[in-house]
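Sequence lines set the chain letters: A, B, ... in the order given, protein chains first and strands last, and positions in each chain run from 1.
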Number of protein chains: 2
Amino acid sequence: MTATIRDVARRAGVSIATVSRAMRDPSIVSAQTLHRVQEAASDLDYTPSQLGRQLAERRHAANGIVFPDLSGPYYAEVVLGYEAVASELGRAVLILATHGRPAAAEMVTRLAGRCDGLVVLGPTVSDTVLLGLAARGVPLVTAARPPVAGVDSVSAENAGTARALATHLADQGARTVLFLGDPALSSDVQERLAGLEAGADAAGIGVRVLPVSSMDEEGGARAAEGLASGDLPDAIACANDELALGLMTALRTRGVVVPRDLLVTGWDDIMAARYAELTTVRQPLHDLGATAARFLDDFIAGRRSEPRHEVLPTELIVRSSSSPAKGDNQ
Amino acid sequence: MTATIRDVARRAGVSIATVSRAMRDPSIVSAQTLHRVQEAASDLDYTPSQLGRQLAERRHAANGIVFPDLSGPYYAEVVLGYEAVASELGRAVLILATHGRPAAAEMVTRLAGRCDGLVVLGPTVSDTVLLGLAARGVPLVTAARPPVAGVDSVSAENAGTARALATHLADQGARTVLFLGDPALSSDVQERLAGLEAGADAAGIGVRVLPVSSMDEEGGARAAEGLASGDLPDAIACANDELALGLMTALRTRGVVVPRDLLVTGWDDIMAARYAELTTVRQPLHDLGATAARFLDDFIAGRRSEPRHEVLPTELIVRSSSSPAKGDNQ
DNA sequence: CCCTGCTATGTAACCGGTTACAGAAACCGG
DNA sequence: CCGGTTTCTGTAACCGGTTACATAGCAGGG
């Protein structure tokens, strides 16, 4: 068995209190005692038990982060930004992927019992669950999902850039735009659609909506199959890049040439979008996670006043999928 | 303050032992008592403290996973596979990204104190650190790095598929192959190079090695600049996809046409490789993580006998970057 | 020389659970 | 009606730390 503080105390001929003090703050122990304790500790290869410490201090020194998935580049990058800041602040990071499981609520609640605070990303659990946690006093920050009353949130701007996207498509000569994605699925999608519609209205062009079975390449490919060849829109704005990529690939096999026959845009600016020459919107993913981590830390440390809701800026990236003029290069 | 087991016991008029029993195994408590305890617990909104429980049970019910980074799709996918299995086994997952920081060893050691076991991926900490942890009795599994004596490991096959890759390049008519990547950087790279050389030898073609400054797109782009225009090899085999993608993009701006002038291959089969039509090698990333999680669990549960070293199969994916015949489609 | 104040240390009460052990109550067959 | 089980519950000792409070020793000022 591994050595405990009592073993060290016995060996050094001091009390456990002294050992504890020597470990946490060497300056409050006499030089001689310190030396004896350190000797005993290293002899026994002693490492203070984090559990004992945490129980006594009544803090976990850990934060949790909950996300739907990690297979896309999206959440991975957010998690990474989060981890970078959290570990800098000396907190461990617990992750939980919900994968749309129905037991998600229970899993999140259990997770909340293991950490000092939680960041919840995207469509993972219902607002009810979050309100329940907040009521129990669990420090909470949401990211990439609609703000919940009284809970800090961080998200990326949607409507404004979507509006700019509509303007861009109109500038490229599009008269009819199809929005590919299910607004019911997430508030981000809703906001993107709303912005797109606003921009389209202003430019005097029309927007139709086509829901998808899933927000991945497969969903995009399926949507492509469903499009009537005779009646293609001028442009298809997809709710994310994966949809757009799947769509473009499927369209190509049908002989539709992008952007000549049809403009296509995505959202997220994942790495593959660059190589597919896909026009898209870049989000500050890393920052999203990092900001969430800082908000959470402020909250835990009691430095927050009112709930904050930060919206980070996004950027339209025009590539050749929506802009024949851009040629084949970026 | 949140309710403790003693509050519940007092309210239900029973001892804390009874409350504990009622919470963990309702069947060993009389129906009447159970009801009273449950009532009291729900009145007080009682949730057992994980910390108290963990200390008493002397287990964390959590595993850690250490990786260099999460920005590429590589580790993200492995982590995800790991998380899926671990959470199924009822264990929380703690993550730690080392980012090549020198303090990594200390961070890993601290992490080890918070979980029942650890999976260590790739170039994160030295073998010495791992041996130290193993000696302290920390259950350990390594993945995507060379096996350490006495420690379970999981990795993906390198040499065999690299050999197949060399054969493929020779079949495509390449006489000279340049390997792009620094073998000193990781054992995976070493093995890939060794396999490539073996295959090239067998096919009677030559291999040169060009180290890179970094294993990302930037590194690939820099390497492209360094190539003498007059003296291009027939093929460039890159140590990973990002290098290959960066290289191809840079070559294109120089007017070099792939695959007409030069064949290029990567390794990993990240999503962007598909869109760039890059020949590459697919690794079972999700499986890598999942297998590591199972190994670790077996170890912790005491079900292991001898250290195991599993090598998962990989698959050569030929696309048009190395195969003019493939045309522009996959 | 005594009193005061400071430093270094020990004692013991936590933190919030689990569980070995023991005792009480109820139930059983003979 | 009695001894032996079985079932349920309580007592108390952990798990491994932190820390409030008490105390001893010692230096310094009056």
Side-chain angles (χ1 to χ4, degrees), chain A residues 1-41 44-62 92 110 112-116 136-137, chain B residues 1-41 44-62 90 92 110 112-116 136-138:
Chain A
M1 208 50 207
T2 152
T4 76
I5 196 173
R6 287 162 230 268
D7 299 329
V8 177
R10 198 174 313 126
R11 182 168 187 122
V14 299
S15 74
I16 60 167
T18 300
V19 176
S20 176
R21 287 190 277 253
M23 301 300 293
R24 345 190 70 236
D25 183 357
S27 75
I28 60 172
V29 153
S30 80
Q32 196 191 29
T33 309
L34 177 60
H35 182 253
R36 287 230 307 284
V37 170
Q38 286 178 335
E39 188 127 315
L44 296 173
D45 200 12
Y46 169 68
T47 320
S49 151
Q50 306 269 355
L51 277 175
R53 203 169 249 191
Q54 285 161 27
L55 182 59
E57 291 179 342
R58 273 178 289 181
R59 57 177 236 132
H60 300 262
R110 200 191 348 263
R114 312 187 52 122
C115 34
D116 303 322
R136 263 180 41 201
Chain B
M1 208 48 208
T2 153
T4 75
I5 197 172
R6 287 162 231 268
D7 300 328
V8 177
R10 198 174 312 123
R11 182 168 186 124
V14 299
S15 73
I16 60 167
T18 299
V19 176
S20 176
R21 288 190 276 254
M23 302 300 293
R24 342 191 71 234
D25 182 359
S27 74
I28 60 171
V29 152
S30 80
Q32 196 192 28
T33 309
L34 178 60
H35 182 254
R36 287 229 307 283
V37 170
Q38 287 179 334
E39 189 127 315
L44 296 173
D45 201 13
Y46 169 68
T47 319
S49 151
Q50 307 269 353
L51 239 41
R53 202 169 250 191
Q54 285 161 29
L55 182 58
E57 291 179 342
R58 271 177 290 180
R59 55 179 238 131
H60 295 81
R110 196 185 359 261
R114 312 186 52 122
C115 34
D116 303 321
R136 263 180 41 202
V138 178

* To do: Measure the spacing between OG of Ser15(A) and CZ of Arg10(A) and express it to the nearest 0.5 Å.
  => 13.0 Å
* Assess whether side chain to side chain contact (heavy atoms under 4.5 Å, CB included) is satisfied between Thr2(A) and Arg136(B), documenting all intermediate values. => CA-CA 8 Å; Thr2(A) 152; Arg136(B) 263 180 41 202; over 6 Å; no
* Take Ala56(A) and Gly52(B), find for each the nucleotide of DNA chain D with the closest heavy atom, and name the residue whose nucleotide sits nearer the 5' end. => Gly52(B)
* Report the distance from atom CZ of Arg10(B) to atom C1' of dG16(C), rounded to the nearest whole Å. => 13 Å
* Tell me, which pairs form a salt bridge (Lys or Arg N to Asp or Glu O under 4.0 Å) where one or both residues lie in residues 13-27 of chain B, sequence neighbours left out? -> Arg24(B)-Glu57(B)
Show the atom names and distances, to 0.1 Å, of all donor-acceptor pairs under 3.5 Å that link a side chain in residues 31-39 of chain B to residues at least two apart or in another chain.
{"residue": "Thr33(B)", "atom": "OG1", "partner": "Ser30(B)", "partner atom": "OG", "Å": "2.8"}
{"residue": "Arg36(B)", "atom": "NE", "partner": "Ala12(B)", "partner atom": "O", "Å": "3.1"}
{"residue": "Arg36(B)", "atom": "NH2", "partner": "Ala12(B)", "partner atom": "O", "Å": "3.1"}

* Asked: What is the minimum heavy-atom distance between Arg114(B) and Ala61(A), and which atoms define it?
  -> NH1-O, 3.2 Å
* Structure fact -> Rounded to the nearest 0.5 Å, the SG atom of Cys115(B) sits from the CZ atom of Arg59(B) at a distance of 12.5 Å
* Stretch residues 11-18 of chain A: residues that reach within less than 4.0 Å of DNA chain D through a heavy atom -> Ile16(A), Ala17(A)
* **Proximity to DNA chain D (any heavy atom under 4.0 Å), residues of residues 20-32 of chain B only** => Arg21(B), Val29(B), Ser30(B)
* Asked: Is any N or O donor-acceptor pair between the side chain of Arg6(A) and the base of dG16(D) shorter than 3.5 Å?
  -> yes
* Nearest heavy-atom pair of Ile16(B) and Ile5(B): which atoms, and what distance? -> O-CD1, 3.6 Å
* **Nucleotide nearest Thr33(B) (side chain, heavy atoms from C-beta), chosen from dG16(C), dG16(D), dC8(D)** => dC8(D)
* Over all atoms of both residues, closest heavy-atom pair of Gly113(B) and Gln50(A) -> O-CG, 3.2 Å
* Write down the distance between CG (Leu51(B)) and C1' (dG16(D)), rounded to a whole number of angstrom. => 11 Å
* For His60(B), side chain to side chain donor-acceptor pair (under 3.5 Å) partners two or more places apart -> Asp116(B)
* If you look at every strand shown and take non-hydrogen atoms under 4.0 Å, does Leu55(B) touch a base, only sugar-phosphate, or nothing? -> base
* To do: Quickly work out the Arg58(B) CZ to dT18(C) P distance and round it to whole Å.
  => 14 Å
* Structure fact -> Per-helix bend value, the helix from dC1(C)-dG30(D) to dG30(C)-dC1(D), C1' rotation axes over five pairs per end, 10° rounding, shows 40°
* To do: Take the protein atom CZ of Arg59(B) and the nucleotide atom C1' of dT18(C), then report the distance between them rounded to whole Å.
  => 13 Å
* Euclidean distance, Arg11(A) CZ relative to Leu44(A) CG, rounded to 0.5 Å -> 5.0 Å
* Under 4.0 angstrom between Arg53(A) side-chain N/O and dT18(D) OP1 or OP2 -> yes
* Whole-Å distance between dC15(C) P and Asp7(B) CG? -> 10 Å
* Asked: Within this structure, what is the CD-to-P distance between Gln54(B) and dC15(C), rounded to whole angstrom?
  -> 18 Å
* Structure fact -> Met23(B) and Pro48(B) have their tightest heavy-atom pair at CE-CG, 3.9 Å
* Rounded to the nearest angstrom, tell me the gap between atom CD1 in Ile5(A) and atom P in dC14(C). => 18 Å
* **Glu57(A) CD - dG16(D) P separation (whole Å)** => 17 Å
